[in-house]
S.K.: 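Before I ask anything, here is the structure I am working with.
Order of the sequence lines fixes the chain letters, A, B, ..., with proteins taken first and strands second; residue numbering starts at 1 for each chain.
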Protein chains: 2
Amino acid sequence: MIDFEILEGCPVFKGIKHGEIRLLFKDIHYRIRAYKKGELIAIAGEPALHLFIVLQGSVKGEMIDYSGRSLKIEDIEAPRPLASAFLFGTDNRFPVTVSANNEVSILLIPVQEFLKIMQRNARVLTNFLNNISSRSQFLSQKLQFLNFKTIREKVAFFLLQHTTDRLHSMELKATQQQLSEMFGITRPSLARVLSEMQREKLFIIEKKTVTILNKQKLREILHYG
Amino acid sequence: MIDFEILEGCPVFKGIKHGEIRLLFKDIHYRIRAYKKGELIAIAGEPALHLFIVLQGSVKGEMIDYSGRSLKIEDIEAPRPLASAFLFGTDNRFPVTVSANNEVSILLIPVQEFLKIMQRNARVLTNFLNNISSRSQFLSQKLQFLNFKTIREKVAFFLLQHTTDRLHSMELKATQQQLSEMFGITRPSLARVLSEMQREKLFIIEKKTVTILNKQKLREILHYG
DNA sequence: ATCAAAATGTACCAATTGTTACAATAAGAA
DNA sequence: TTCTTATTGTAACAATTGGTACATTTTGAT
């Protein structure tokens, strides 16, 4: 049985009371599955036949190339849908391999059933459209990011994106290892560039806090780098 | 006045007769605008308040990064929607700057009005969902491709993707210069790898025809780097 | 406080790609 | 054909990144 109050917090059901959500699920087929830490939830290339909603725990999506190297795309925490942008389309397959970060519980709704729900409730429809649009924008940004050639450019872009004109410092929530996976590079390479850029007084890293010292130079790296 | 027969060919209205499309537009506010060659249609960063459908002519989308370099150019010809994946979402702004390739006529439907149309007709809804999903998948594939580290891997992937088990040859429709741009590398680097791989008898290029000689080895490049 | 594990800094060398330049060939127009 | 331009092949060197290894620091649990 679904705990509909959890779904209130899910972007797809945002703004709908759990009582109403319960009504939407009347006569709808669905299934709930539990996964253990590390277990595979979906494999890249597999057809996406259900809407997956993470009810509990968090999952990891990564692209794995033929040589086994991975590019981590993102973590998805409860209560959020996953692979929503790949439910429809002419070739509706998972583009990423998804695995459980910890104990995970997932709600599976067949595509056709979910279509019914969207027709029943306009709010779910706009929520879902918002959700997949945001994903497109996310992928677009990711693409733009990977297009930056050098590690210096990636670092400069990352720092500028995470600070404002007023606030010149940010907290790193990821380790260098995780950052390097996001950037699609190796950890020592990232460390080397970070120390070079710090030697040039572009910024300083203390513990987990990055403080920008020369925002203008960082911008120039993207302009002429 | 809209020529509804043109819209029959638009992915968003696929499978709907023009008489029915006409009914869908009853009481719907819309606008048609003409643009001259070279004129700006939308600027990156601008909020997307309307669904844009190119009725006549073709438009060009350019992604411009901080340095002013244009990253990618996409042409959209009539009758197709543009930036459909960016209509919704929390930050619904144009990711690209769009300009007219020639004399262009564009149908502008306000977001709220288009939502009404989708609620009136389930086919438009699924068409639109398919459209955005396909776009996401396109971006995803692009990401996966850029994720291949070496030029050898990119070449191997490209060739395997364009040949079948039966047919071992393909026609190159692009010059090395264009291919290298698709791959995100320089032209001499591509040429070097192409000649190395030919020396290893993995394939041969004659004029514009590529013939695979050792498909097994190409696969191994992707498997073991 | 103490210890083990995780994370970080750094160095060395190999591999890959970029840059630049120029010759050879192919394609297209007059 | 003949000429011009675009495309391709290739070389030498520079720049960047990867791979590996190890010392140091930080973190977190006991």
S.K.: Any salt bridge (Lys or Arg N to Asp or Glu O under 4.0 Å) involving residues 93-106 of chain B? Give me the pairs, sequence neighbours left out, ordered by first then second residue.
M.R.: B:D91-B:R93
S.K.: I'd like a list of close polar pairs between nucleotides 4-11 of chain D and the protein, N/O only, cut-off under 3.5 Å.
M.R.:
{"residue": "D:dT8", "atom": "OP1", "partner": "B:K208", "partner atom": "NZ", "Å": "3.2"}
{"residue": "D:dT8", "atom": "OP2", "partner": "B:Q176", "partner atom": "N", "Å": "2.8"}
{"residue": "D:dG9", "atom": "OP2", "partner": "B:Q176", "partner atom": "NE2", "Å": "2.5"}
{"residue": "D:dG9", "atom": "N7", "partner": "B:R187", "partner atom": "NH1", "Å": "3.1"}
{"residue": "D:dG9", "atom": "O6", "partner": "B:R187", "partner atom": "NH2", "Å": "3.2"}

S.K.: Using whole Å, what does the distance between atom C1' of nucleotide C:dT16 and atom CD of B:E196 come to?
M.R.: 10 Å
S.K.: Grab the CD-P distance between B:E206 and C:dA27 for me, whole Å please.
M.R.: 13 Å
S.K.: Tell me the interatomic distance from B:L172, atom CG, to C:dA26, atom P, rounded to whole angstroms.
M.R.: 16 Å
S.K.: Listed by chain and number, what are the side chain to side chain contact (heavy atoms under 4.5 Å, CB included) partners of B:A191, not counting sequence neighbours?
M.R.: B:Q176, B:R187
S.K.: Less than 6.0 Å separating the ring centroids of A:F13 and A:F4?
M.R.: no
S.K.: Can the ring centres of A:F128 and A:F114 be said to be less than 6.0 Å apart?
M.R.: yes
S.K.: Identify, with sequence neighbours excluded, every residue that meets side-chain hydrogen bond (donor to acceptor under 3.5 Å, both in side chains) alongside A:E171.
M.R.: A:T209
S.K.: Could you check whether the rings of B:F183 and B:F158 sit parallel, tilted or perpendicular, using 30° and 60° as the cut-offs?
M.R.: perpendicular
S.K.: Let me have the donor-acceptor pairs involving side chains of residues 81-89 of chain A, under 3.5 Å, with sequence neighbours excluded, atom names and distances please.
M.R.:
{"residue": "A:S84", "atom": "OG", "partner": "A:N131", "partner atom": "OD1", "Å": "2.7"}

S.K.: Can you say whether the rings of B:F52 and B:F94 are parallel (under 30°), tilted (30 to 60°) or perpendicular (over 60°)?
M.R.: perpendicular
S.K.: Work out how much the helix from C:dA1-D:dT30 to C:dA30-D:dT1 bends between its end axes, five pairs an end, to the nearest 10 degrees.
M.R.: 50°
S.K.: Expressed as a whole number of angstroms, how long is the span from A:E153:CD to C:dG18:P?
M.R.: 12 Å
S.K.: Expressed in angstrom and rounded to an integer, what is the separation of A:Q178 atom CD from C:dA6 atom P?
M.R.: 13 Å
S.K.: What is the distance, rounded to the nearest whole Å, between atom CD1 of B:I151 and atom P of C:dT17?
M.R.: 4 Å
